[in-house]
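One structure is given here, and the rest of the page talks about it.
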Amino acid sequence: MEAIFAFCVGLLTACGLFLTLRGRTFPVVVGITLLSYAVNLFLFSSGRLLINGATILGQSEQYADPLPQALVLTAIVIGFAMTAFVVILAIRARSDLGNDHVDGRNPPGAGLPSDRLKEKN
Amino acid sequence: MSLFWILLLPLLGTVVPLLTERFGRTVCAFSTAALPALALVLVLLQMPAVFDGEAVVATAPWIPLLGLELSVHLDGLALLFAMLVLGIGLLIILYARYYLSDKDSMGLFYAYLILFMTAMLGIVVSHNLLQMWVFWEMTSVSSFLLISFWNHNTDARKGARMAMTVTGLGGLALLAGVILIGNIVGSYDLTAVLNSGDLLREHAAYPVIVILVLLGAFTKSAQFPFHFWLPYAMAAPTPVSAYLHSATMVKAGIFLMARFYPVLSGTELWFVIVSLTGLTTLLIGAYTALFKHDLKGLLAYSTVSHLGLITLLLGMGSDMAAVAAVFHIINHAIFKASLFMAAGIIDHETGTRDMRRLNGLWKYMPYTATLAMVAAASMAGVPLLNGFLSKEMFFAETLDQSSLGSLSWMIPVLATVGTAFSVAYSLRFIHDVFFNGEPVDLPKTPHEPPRYMRLPIDILVALCLLVGIWPALLIGDLLATAAGAVVGGDLPDYGLYIWHGFNLPLLMSALAMTGGAYVYISREKLFTFQSQFPEANANLIFDKSVKWVMKHCATFIDWFENGSLQRYSFLLILFALVLLGLPLIDLNTTAGLRPQIPVDAVMLSGAALLAVSALGTVIWHRKRLIALLMLSVVGLIVSLAFALFSAPDLALTQLSVEVVTIILLLLALFFLPQNTPKESSPRRVARDLTIAAIFGGIIGTINYALITRPLDSISEFFLANAKTGGGGTNVVNVILVDFRGFDTLGEITVLGIAALGIYKLIARMGLFKPTSDDYGRPWTEDKHPMMLSVISQGLLPLALLVSAYIFLRGHNLPGGGFIAGLVTSIAIIQQYMAHGVDWLKDRLKLDYQKVIGSGLLIATLTGVGSWAFGYPFLTSWYDYWTWPVIGEFEVASAIAFDLGVYLTVVGATMLILANLGQHTTTERARETEHQ
Amino acid sequence: MQHWAVLPILIPLLSATLMLLPPLARTIRRQRITSMISLVLMLGSALVLFHLSTEATQLYQLGDWQPPFGILLVADRVSALLVLLTTVLATGAVLYSLAGDDNQGKYFHSLMMFQLMGVNGAFLTGDIFNLFVFFEVLLIASYALLIHGGGKQKTQANVHYIVLNLIGSAFFLFALGMLYGTLGTLNMAQMSTRIADLSPGASILAEAGALLLLVVFGLKAAMMPLHFWLPKAYASASAPVAAMFAIMTKVGIYSIFRVHTVVFGEHAGDLAYIAIPWIWPLALLTLVIGAVGVLAAPSLRTLVANLILISAGTLLVAVVLLNTQAVIGGLYYLVHTTLVTGALFLLADLIAQQRGQATDRFVVSRPMKQAPLLGLLFFIGAVTVAGLPPLSGFVGKALLLQAAETATQMGWVWSSILLSSLAVIIALSRAGTNLFWHVSGNKTGTENARPIQIIAIVLLLLASPALVIFGGPATEFAEAAALQMQQMYPEVQTLIAEGQP
């Protein structure tokens with residue numbers, strides 16, 4: 001199982017990073033979200049994997065490492081805050097700069113009709 | 001102690017002129033002169049002691065760790081220079097009083113001048129090399145201010161910048177040199193350094209030291225090839241030129257060489273570099289000076305050539321040459337200062353410095369003319385004047401040179417040639433300016449300057465004569481002690497006589513005289529010859545080269561930091577990839593010994609689904625809505641994975657966060673294009689795929705290697721103490737609100753800040769509000785579908801109840817403030833969707849900013865509460881109360897803390913979504929930025 | 001029970017929170033007053049903490065939990081010094097903002113306080129995950145502050161800044177996973193003792209984690225090639241924010257100091273100083289890039305932003321030299337550079353305002369209204385930052401030059417540091433002459449700088465002469481701090497030992 005788990009983490013990382021390397025804000029955001037899934041799984045697994053264990057006292061005879069779980073919880077929340085901010089920033093960037101390219105400038109010929117319209121006025 | 005005052009007095013003196021400026025020019029001048037004069041007196045008082053060879057030193061600690069200490073000393077060399085710096089400085093102050101016009105800010109000028117004087121004085125009296133360097137750099141800085149004093153004209157600015165750059169370069173080299181010396185000697189104390197000459201000369205780093213130190217000296221003293229800055233520093237007011245280029249600034253370099261002469265000289269390297277540089281500079285300077293039509297230009301280049309002469313002497317390596325060098329330092333200072341001042345007067349009275357227009361001034365200002373002529377004669381080395389004596393010594397020394405081996409005969413010959421040229425330009429200075437017909441349309445009709453403006457020149461010229469006639473009597477002792485300090489041992493016996501009998505030096509002088517005269521007479525030919533060469537304007541060249549450097553820096557930066565995030569992220573990831581990957585090469589066995597979990601169909605299918613949807617997100621990332629759906633599937637499976645691997649809290653959290661995130665991204669799609677254009681080139685895509693894949697592979701490998709290895713962690717403690725210490729059975733929750741509550745406090749702070757930031761973003765957002773998607777399909781008009789509104793209204797109380805339940809059980813079962821908060825917000829958001837912003841605004845009177853604030857406040861105060869009981873921040877307490885109906889119920893401070901979490905989460909989420917949601921509806925936001 | 005160590009985190013948190021609530025939230029005036037009061041309180045507590053730290057390292061067990069299980073704050077000399085420095089810088093920035101910048105958008109004072117909380121927390125915490133949390137706090141606050149005042153450039157710079165840092169944060173968590181997964185603890189002191197006895201396989205994974213942390217910290221510290229976000233972000237931020245940001249790169253450097261020269265220091269067995277060989281070339285390259293950027297800068301703000309790069313490079317050099325002298329020089333230089341660059345950002349803003357259309361670009365412009373005053377301030381700032389005597393720059397520089405031991409070290413370190421200083425001298429002399437003297441006409445603007453702004457700048461600049469005049473005590477403190485930091489948290493070790501049964 002560990003192998004499959006590790007594979008999935010690796011895959012998520014790869015997908016996330018590929019999307020973060022795109023040129024438009026939305027894919028980048030999606031990519032970062034994927035990346036954060038990978039990160040959370042990775043950090044979680046640093047306490048090792050355990051099936052039918054528990055972190056509630058008295059519910060099972062074998063306990064999972066609760067510390068990484070707590071860390072991941074914190075990470076999830078922070079990740080959520082960051083994602084939210086960057087999403088809104090993407091929107092703000094489009095309304096300020098007239099397009100959704102991460103560098104705020106459309107590569108010549110590219111971009112959507114509405115974008116070019118925006119850039120004119 | 002009084003030694004320190006030698007430095008302190010002028011230092012204090014810098015503010016005097018600024019204070020006394022308002023009382024008129026004369027008062028200002030004299031008050032300014034007062035403190036330096038006092039310092040000069042102090043110096044003179046030390047004279048006997050110095051002559052008796054006593055060590056006159058005073059030190060005080062400053063920065064021991066740096067080896068830097070306050071230390072002032074006076075030995076022969078320091079004494080001589082201190083007298084020159086202060087003495088001539090005082091004359092300059094008097095002179096400037098008349099030279100400066102009413103437009104110039106006298107106070108500022110004097111302040112700069114005295115600052116420079118202090119710095120220069122500091123160099124010469126320093127007993128600690130680092131301190132000497134400190135003052136060295138201060139001269140560069142203050143001279144920058146002086147040269148650019150008339151900053152409204154471009155030449156002044158450029159000249160100042162050039163001087164600053166060149167001397168700055170030298171200064172840095174000198175610093176390196178000094179620290180090297182300090183490393184070798186183990187101290188920056190001058191005595192220590194001067195006593196370790198052999199140590200230094202034999203050290204491997206000796207050549208480096210010599211080069212660095214000489215770099216400092218040559219740049220300062222305008223030696224070839226660094227001589228070019230000096231003439232352009234002439235853009236300064238003449239008093240400045242007279243000061244900087246006779247006795248001070250340019251002499252600092254000479255001083256440096258003299259200072260280090262005992263320890264650094266005496267090797268082939270030193271002789272070759274120093275003597276050749278000096279000789280070259282001497283010739284170039286003398287030759288160029290002849291062709292300058294500008295009075296100050298002529299004097300500038302003559303300064304260059306005389307500095308070359310002194311350098312050459314210091315490079316000859318015989319003690320007698322050193323004596324000659326010191327002697328010429330004195331003489332040059334005297335006659336050059338007076339010449340500059342004379343030139344200033346001429347400029348001042350005629351309004352021009354162009355020798356093609358200045359002719360026959362003898363008629364108009366005979367007195368000044370006489371003075372100038374005597375000084376010029378001294379510069380040419382005419383007998384009975386001080387210049388003659390040192391020049392004779394110089395010739396004598398050139399004759400017994402062997403440092404160039406069989407070519408050594410060239411030195412005296414070239415020396416004579418150089419001197420011939422200096423005779424020629426001196427003649428030109430005299431004849432062109434004061435005779436040679438009538439002046440050519442001068443701006444003003446010249447006349448004698450005010451008496452006291454001339455006084456400084458009177459004094460200096462008198463000195464020229466007196467020293468020239470009774471050298472031994474006047475400066476014998478001073479010269480001896482100074483030279484002694486340079487040689488660092490016993491001096492050879494020499495006599496300061498005017499008449500040494502008929503000998504080769506005399507012959508050389510005669511040759512130089514006649515040759516110079518001939519050159520001057522046949523100057524026209526020379527001029528025409530010279531005019532064939534385009535005149536190189538160092539200022540322009542320098543400016544061009546600096547501009548060139550800057551331009552190329554700019555082009556490089558534009559190319560390197562090209563503002564493409566994709567490049568930046570790529571480099572970041574690549575860098576991480578390298579650092580992560582290399583260690584793994586040494587990892588020979590990936591799998592650890594830990595027993596692994598057997599695979600079953602459910603897990604397998606889950607993993608497969610995850611893989612598919614993750615890849616799907618990538619493949620369809622241009623169809624943003626589809627990508628979003630895929631993404632939500634991934635999130636779902638991730639939370640299932642948490643559930644599977646015994647992390648119920650994580651599963652719940654992940655799930656609720658997932659929902660909110662997706663809602664957020666959906667809202668975002670309203671403002672952003674629904675599709676991503678295809679713009680990445682295949683190469684770019686391939687590149688990104690590769691790096692992403694490799695990185696993923698590495699992370700996967702590490703992860704596998706990690707989780708298959710046993711771990712000895714601290715978490716036993718948490719399981720053991722959750723109930724007893726934290727009063728909860730849900731260990732994760734106890735860790736969050738108790739063991740590591742501080743993290744959680746930080747975490748909700750982050751959430752709160754994010755909300756505030758997002759509010760700022762939205763409040764300032766332009767009115768960009770698409771009415772249709774990219775393909776012109778209008779957004780639905782039916783804003784609040786009937787069904788939705790009815791159902792959701794029923795759902796709200798239920799949802800709130802659920803969140804309350806999740807919240808309360810959090811400490812003992814999966815749940816807690818954070819999840820509860822998200823559930824609540826989701827419920828409220830649903831109302832927004834169902835009924836629209838304003839419908840809710842009227843019913844739900846909530847200022848989310850306040851909710852966040854109170855949430856954070858409650859959490860923090862819960863923590864602070866424990867202070868009352870003498871415990872550290874965030875120490876928890878709990879107790880069990882029996883409540884009617886509910887039964888036994890635990891009351892823990894953790895609950896209050898969790899309440900803070902809950903409120904912050906609700907507030908933050910709502911502040912984000914509600915504000916953004918507002919923009920999607922036709923109603924505009926009511927509150928705006930700025931209260 | 002003494003709470004000094006936690007106050008630098010709590011005071012800003014509380015005041016920021018209170019400023020979100022009525023009655024303080026209502027008017028900017030109330031927020032200003034609150035802000036100033038809390039700054040005074042923080043200065044006070046920072047000074048006390050500073051004083052206490054010179055007697056004994058202040059340890060604070062949050063939640064009264066025995067380390068390594070609870071989170072521990074460690075206020076030794078270095079942390080206390082940096083907290084004090086941060087507070088002074090913030091005081092300058094906030095004072096300046098009172099002239100009106102703080103009213104260019106909502107929540108300025110709250111966000112400033114949150115920023116302070118984050119930075120102080122990062123300096124004080126002894127727990128690696130808690131360090132992550134405080135990094136996020138200071139980052140999110142900086143994101144929000146960077147767009148303060150609005151404008152296209154800010155938004156644009158922010159996009160780059162945030163995306164890069166989000167990737168950075170993800171890497172941080174990966175690294176933490178690797179470190180916890182091998183060392184099984186989060187307390188830095190305990191980590192440092194556990195590294196040496198890792199099994200070969202595990203130690204390689206830990207190494208990977210440590211090196212990944214270098215990427216994370218390097219990103220914050222603007223180490224080549226992770227510096228790209230900095231120039232635009234700093235140059236476009238509003239003046240007080242930019243000034244406050246002067247401390248942010250230092251947080252990264254500080255973390256490298258702690259993690260890569262102490263935790264993975266000489267006691268770390270095979271993993272001793274693993275990151276150092278990587279930092280060496282990058283430190284020098286950072287210096288070079290900074291110098292090139294300084295020469296290339298078209299405007300004063302960009303120039304100062306690149307000065308930050310140079311200072312980052314210099315400090316990284318101080319890290320890799322790995323000797324006490326270097327740390328002394330580094331600490332001294334850190335204080336000096338943070339304050340003077342902060343002051344220069346503020347000054348650049350005033351200059352831009354008084355030059356009308358030309359703003360702070362190096363082109364001909366109308367003369368400034370208060371040219372003499374601003375000129376004097378600029379001159380002082382320039383001399384300081386260029387490392388010219390008699391102001392503080394040269395001491396730090398000289399200390400670092402002395403710290404280079406071997407011939408190779410001298411060759412590289414000296415040439416890069418000295419040449420970059422030359423570049424700075426050239427660039428600043430051009431900048432100064434162009435900004436102040438290359439003027440057209442004599443019509444000046446009407447706006448005078450507000451006294452409070454001048455006071456703020458002077459406050460920050462005053463540190464420079466003070467650092468020189470009291471150079472003796474300053475360097476001696478730095479020496480004590482350096483020696484203390486090079487040890488492996490002895491006090492924490494004993495505290496942990498007490499905990500073991």
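Note on naming: letters A, B, ... go to the chains in the order of the sequence lines (proteins, then strands), and numbering restarts at 1 for each one. Values below: every heavy atom of this structure, side chains too, minus hydrogens, waters and symmetry copies. Because the structure is a prediction, the values reported are computed rather than measured.
- Across B:Val731, B:Ile597, B:Ile753, the residue that shares the most heavy-atom pairs under 4.5 angstrom with chain A is B:Ile597.
- Judged purely by atom type and a 3.5 angstrom limit, A:Asp103 uses its side chain to pair as donor or acceptor with the backbone of B:Leu565.
- Residues A:Arg92 and B:Lys760 form no side-chain contact, since every pair of their non-hydrogen atoms from C-beta on lies 4.5 Å or further apart.
- With a 4.5 Å cut-off on non-hydrogen atoms, B:Thr701 does not touch chain A at all.
- Inter-residue side-chain proximity for A:Val30 and B:Thr617 is flagged as met; some heavy-atom pair is nearer than 4.5 Å.
- Most heavy-atom pairs under 4.5 Å with chain B: of the set A:Leu21, A:Val87, A:Ile76, A:Leu67, this distinction falls to A:Leu21.
- Ranked by heavy-atom pairs under 4.5 Å with chain A, the list B:Leu719, B:Val657, B:Leu664, B:Ile702 is led by B:Leu719.
- Counted by atom type alone, A:Tyr37 and B:Glu658 present one or more donor-acceptor pairs between their side chains at under 3.5 Å.
- The greatest number of non-hydrogen atom pairs below 4.5 Å with chain B, out of A:Gly10, A:Pro66, A:Pro27, is found for A:Pro66.
- Looking at B:Arg622, there are no atoms closer than 4.5 Å to chain A (heavy atoms on both sides), in backbone or side chain.
- The CD1 atom of A:Ile78 lies 9.5 Å from the CG atom of B:Leu751; values are rounded to the nearest 0.5 Å.
- Considering only heavy-atom pairs separated by less than 4.5 Å from chain A, the leading option among B:Phe642, B:Phe739, B:Phe570, B:Phe695 is B:Phe642.
- Between chain B and the residues A:Ala3, A:Ala64, A:Gly31, the most heavy-atom pairs under 4.5 angstrom are made by A:Ala3.
- Interface remark: B:Leu689 contributes backbone and side-chain atoms alike to the contact with chain A (heavy atom separation under 4.5 Å).
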Could you check B:Thr676 against A:Arg22 for side-chain hydrogen bond (donor to acceptor under 3.5 Å, both in side chains), going step by step and ending with a plain yes or no? CA-CA 10 Å; B:Thr676 308; A:Arg22 299 298 99 223; over 6 Å; no
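- Only the side chain of B:Ser713 comes within less than 4.5 Å of a heavy atom of chain A; its backbone N, CA, C and O stay farther away.
- Your options are A:Leu34, A:Thr83, A:Thr20, A:Val29, and the one with the most heavy-atom pairs under 4.5 Å with chain B is A:Leu34.
- The shortest distance between side-chain heavy atoms of B:Leu761 and A:Phe85 falls below 4.5 Å.
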After noting the C-alpha distance and the side-chain angles of A:Arg24 and B:His621, does the key distance pass the side-chain contact (heavy atoms from CB on, under 4.5 Å) rule? CA-CA 11 Å; A:Arg24 300 282 166 167; B:His621 75 271; over 6 Å; no
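- In this structure, the separation between CZ on A:Phe80 and CD on B:Gln654 is 12.0 Å, given to the nearest 0.5 Å.
- Proximity to chain A (any heavy atom under 4.5 Å) is shown, for B:Val734, by neither the backbone nor the side chain.
- Listed here is the closest heavy atom pair of B:Lys723 and A:Leu57: CB-CD1, 3.7 Å.
- With rounding to the nearest 0.5 angstrom, the OG1 atom of B:Thr708 is 14.0 Å from the CE atom of A:Met1.
- Taking CG of A:Leu73 as the reference point, atom CD of B:Glu747 lies at 7.5 Å (rounded to 0.5 Å).
- Both the backbone and the side chain of A:Ile88 have a heavy atom closer than 4.5 Å to some heavy atom of chain B.
- Ranked by non-hydrogen atom pairs under 4.5 Å with chain A, the options B:Leu628, B:Ile573, B:Asp688, B:Ile735 are led by B:Asp688.
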Compile the donor-acceptor pairs under 3.5 Å between side chains in residues 40-50 of chain A and protein atoms, sequence neighbours left out, one pair per line.
unit_1  : atom_1 : unit_2   : atom_2 : d
A:Asn40 : ND2    : A:Ser36  : O      : 3.2
A:Ser45 : OG     : A:Leu41  : O      : 3.4
A:Ser45 : OG     : A:Phe42  : O      : 2.7
A:Ser45 : OG     : B:Asn703 : OD1    : 3.0
A:Ser46 : OG     : A:Leu43  : O      : 2.5
A:Arg48 : NE     : B:Leu706 : O      : 3.4
A:Arg48 : NE     : B:Arg709 : O      : 2.5
A:Arg48 : NH1    : A:Ser46  : O      : 2.9
A:Arg48 : NH1    : C:Gly181 : O      : 3.4
A:Arg48 : NH2    : B:Leu706 : O      : 3.3
A:Arg48 : NH2    : B:Arg709 : O      : 3.1
A:Arg48 : NH2    : C:Gly181 : O      : 2.6

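- Smallest separation of non-hydrogen atoms from A:Ile4 and B:Ala607: CG2-CB, 3.4 Å.
- Note: B:Leu711 leads B:Leu711, B:Val660, B:Thr653 in heavy-atom pairs under 4.5 Å with chain A.
- Between chain B and the residues A:Leu12, A:Asp65, A:Val72, A:Val102, the most heavy-atom pairs under 4.5 angstrom are made by A:Asp65.
- The shortest non-hydrogen separation linking A:Ala81 to B:Val750 is CB-CG1, 3.9 Å.
- Ring centers of B:Phe645 and A:Phe5: under 6.0 Å apart, within the cut-off.
- Neither the backbone nor the side chain of B:Ala627 comes within contact range of chain A; no heavy atom of the residue lies under 4.5 Å from a heavy atom of that chain.
- For the set B:Arg567, B:Arg594, B:Arg684, B:Arg740, the entry with the most heavy-atom pairs within less than 4.5 Å of chain A is B:Arg594.
- Here the CZ atom belonging to B:Arg687 is positioned 10.5 Å from the CZ atom belonging to A:Phe18, to the nearest 0.5 angstrom.
- If you tally non-hydrogen atom pairs under 4.5 Å between each of A:Val9, A:Leu11, A:Thr13, A:Ile51 and chain B, the highest count goes to A:Ile51.
- Inspection of the B:Asp743 and A:Thr74 side chains reveals no N or O donor paired with an N or O acceptor under 3.5 Å.
- A:Arg94 places a side-chain N or O within donor-acceptor distance of the main-chain N or O of B:Phe671, the cut-off being under 3.5 Å.
- Residues B:Ile691 and A:Leu17 fail the side-chain proximity criterion, which asks for heavy atoms closer than 4.5 Å.
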